[in-house]
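Reviewing the structure listed below.
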Amino acid sequence: LAQRATTGRYDALLTSASLYLTRGQFNASLERVNTILADDPKNKEAKAMRARIEVAANDWGWWR
């Protein structure tokens with residue numbers, strides 16, 4: 001049961017991160033992904049989402 005709850009939480013955070021990413025709200029998106037990575041540093045989906053956020057932010061010139 002705990003595993004299913006954790007999986008559901010991660011799915012909700014990734015969905016939220018994706019929504020924020022499409023709106024160009026990179027900080028909010030990154031916060032959601034970092035929440036997952038704080039609990040599970042090896043989470044492949046969160047790492048992939050973080051990479052997408054970084055690419056999108058660089059395309060917008062956000063990191064500069």
| Taking side chain as C-beta onward, heavy atoms only, is M49 less than 4.5 Å from L21? | yes
| Other residues, nucleotides, ligands: >12 heavy atoms within 6.0 Å of Y10 OH | yes
| message | Measuring from atom CZ of R4 to atom CG of D11, what distance do you get when rounded to the nearest 0.5 angstrom? | response | 12.5 Å
| query | Minimum heavy-atom separation for S29 to A17, with atom names? | reply | OG-O, 2.7 Å
| Exam field: side chain T6 to backbone A2, donor-acceptor pair closer than 3.5 Å | yes
| said: I want to check something: taking the side chain as every heavy atom from C-beta on, are R32 and L14 in contact at a cut-off of under 4.5 Å? | reply: no
Donor-acceptor contacts under 3.5 Å from residues 38-45 side chains, at least two apart:
from	atom 1	to	atom 2	distance (Å)
D39	OD2	R9	NH1	2.6
D40	OD1	K42	N	3.4
N43	OD1	E45	N	3.1
N43	OD1	A46	N	2.8

| message | Rounded at 0.5 Å granularity, tell me how far CG in L13 sits from CD1 in I36. | response | 5.0 Å
